[in-house]
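In what follows, chains are A, B, ... by sequence order, proteins preceding strands, each numbered from 1.
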Protein chains: 2
Amino acid sequence: MRPTDLFAALANATRLRCLLLLLRHGELCVCELTHATGALQPHVSRHLAQLRELGLVSDRREGLWVYYRIHPALPAWALHVLEATAAGVRAQSPFADDAEALAQMPNRPSAPRCA
Amino acid sequence: MRPTDLFAALANATRLRCLLLLLRHGELCVCELTHATGALQPHVSRHLAQLRELGLVSDRREGLWVYYRIHPALPAWALHVLEATAAGVRAQSPFADDAEALAQMPNRPSAPRCA
DNA sequence: GCAATATATACCGTCAAACGAATGTAGTGT
DNA sequence: ACACTACATTCGTTTGACGGTATATATTGC
């Protein structure tokens, strides 16, 4: 994966927030990511498709739901980039409370699962 | 600095290559970056201006030359992102030989300086 | 078959980023 | 003053990304 392609993917707030949520929670379905980010469902779906085409995430269907996760074969340096970003976001950022929004989602299809 | 702003800056090959060269060599002037990347001088200058406005690099003039460096007050997480990228680039990437191109530049205004 | 939910895709308008090329500015030396 | 080098800026154009909206597909249950 070319560095510039990774960074182009991370340059969009919705995509980055989804990736950071996946990094923290391990596996989430589209409706959970939609709720946590507050974005519209078609947007989340399109952004996740981009991340999938880039090899950043993998998906698996389970009934009605499609669960996404950080791609298990993600290059180490790319994972380090994500982790460094997560550390910076924890300190000061508008994305810091996405996890809280997720926790308050009613009718969550999945119990919390950690990486 | 917002994560998405950093990643937007890193999503351009010329900007990323300049940053990685500065990370490795400490301080370089525009003509050195122009030579190492093979880009046109106005492009390099414009991209460096963007990086400066974002707070990613700082500059200082010395005679005819303007030397750029990674901004000394760069947030730790952003520096980690750059270092992780440098590690990934060393393994496999089209930017890996920028440093060699720089070393072969004739009439380099500065002796090699390391961070 | 139908209905309902979750997800994906298609179409369109808009706006920002990037490039090429030309020009402008700053500093040095004569 | 001039010439030369290094660097910066401007302009015009084009391309691609994004959001909004509507619609399509997939799966489950009746």
Side-chain angles (χ1 to χ4, degrees), chain A residues 2-19 21-22 27-54 56-69 102 105-111, chain B residues 2-19 21-22 27-54 56-69 102 105-111:
Chain A
R2 284 183 305 184
T4 49
D5 290 335
L6 171 65
F7 293 130
L10 303 188
N12 176 271
T14 300
R15 283 193 299 264
L16 180 59
R17 292 165 78 185
C18 287
L19 284 170
L21 282 163
L22 293 175
E27 196 178 43
L28 294 170
C29 65
V30 180
C31 64
E32 289 173 314
L33 293 168
T34 300
H35 180 94
T37 61
L40 299 175
Q41 181 270 322
H43 295 184
V44 174
S45 189
R46 263 185 318 195
H47 285 306
L48 288 172
Q50 294 179 244
L51 297 176
R52 177 169 14 95
E53 288 158 16
L54 253 176
L56 281 173
V57 299
S58 66
D59 63 334
R60 113 188 130 80
R61 177 177 278 273
E62 183 174 324
L64 281 178
W65 300 277
V66 175
Y67 288 95
Y68 284 85
R69 67 173 66 200
L102 174 62
M105 172 181 179
N107 302 111
R108 255 182 94 186
S110 71
Chain B
R2 285 182 305 183
T4 48
D5 291 335
L6 170 65
F7 293 130
L10 303 188
N12 176 273
T14 300
R15 284 193 298 264
L16 180 58
R17 292 165 78 184
C18 287
L19 284 170
L21 282 163
L22 293 175
E27 198 177 40
L28 294 170
C29 66
V30 180
C31 64
E32 290 172 313
L33 292 168
T34 300
H35 181 93
T37 60
L40 298 175
Q41 181 271 323
H43 294 184
V44 174
S45 189
R46 264 183 320 192
H47 285 307
L48 287 171
Q50 295 179 243
L51 296 176
R52 175 167 17 93
E53 288 158 16
L54 253 175
L56 282 172
V57 300
S58 67
D59 62 335
R60 108 190 135 80
R61 177 175 278 273
E62 183 174 325
L64 281 179
W65 299 277
V66 176
Y67 288 95
Y68 284 85
R69 68 173 66 199
L102 174 62
M105 172 183 180
N107 304 110
R108 258 181 92 186
S110 70

Practice item. Could you pull out all residues at least two apart from A:R15 that satisfy salt bridge (Lys or Arg N to Asp or Glu O under 4.0 Å)? Key: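 Here no residue qualifies.
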Exercise for review: For A:R46, enumerate each residue passing the salt bridge (Lys or Arg N to Asp or Glu O under 4.0 Å) test, keeping only those at least two apart in sequence or located in another chain.
Suggested key: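 Salt bridge (Lys or Arg N to Asp or Glu O under 4.0 Å) check on A:R46 returns nothing, list empty.
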Exercise for review: Measure the shortest side-chain to side-chain distance between B:R60 and B:Y68 over non-hydrogen atoms and say whether it is less than 4.5 angstrom.
Suggested key: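 They are not in contact (no side-chain heavy atoms under 4.5 Å apart), so the answer is no.
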Review point. Below 4.5 Å, heavy atoms only, C-beta onward: do A:R52 and A:D59 meet side chain to side chain?
Key: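 They are in side-chain contact.
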Tell me, please, which residues at least two apart from [X] pass side chain to side chain contact (heavy atoms under 4.5 Å, CB included).
X	answer
A:R2	A:T4, A:D5
B:A8	A:A11
B:R61	B:V66
B:T34	B:V30, B:Q41, B:V44

Using whole Å, report how far [atom1] of [X] lies from [atom2] of [N].
X	N	atom1	atom2	result
A:E53	C:dA8	CD	P	11 Å
A:L16	D:dA17	CG	C1'	17 Å
A:L33	C:dA6	CG	C1'	13 Å
A:L48	D:dC18	CG	P	13 Å

Review point. Do any side-chain nitrogens or oxygens of B:Y68 fall under 4.0 Å of OP1 or OP2 in D:dA8?
Key: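 It does, given that an N or O in the side chain of B:Y68 lies less than 4.0 Å from OP1 or OP2 of D:dA8.
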Point to revise | Heavy-atom protein contacts under 4.0 Å, nucleotides 15-20 of chain C, coded B base, S sugar-phosphate only, - none | key: ---SBB
Practice item. List the protein contact pattern of nucleotides 22-29 of chain D with one symbol per nucleotide (5' to 3'): B for base contact, S for sugar-phosphate-only contact, - for none; contact means a heavy-atom distance under 4.0 Å. Key: B----BS-
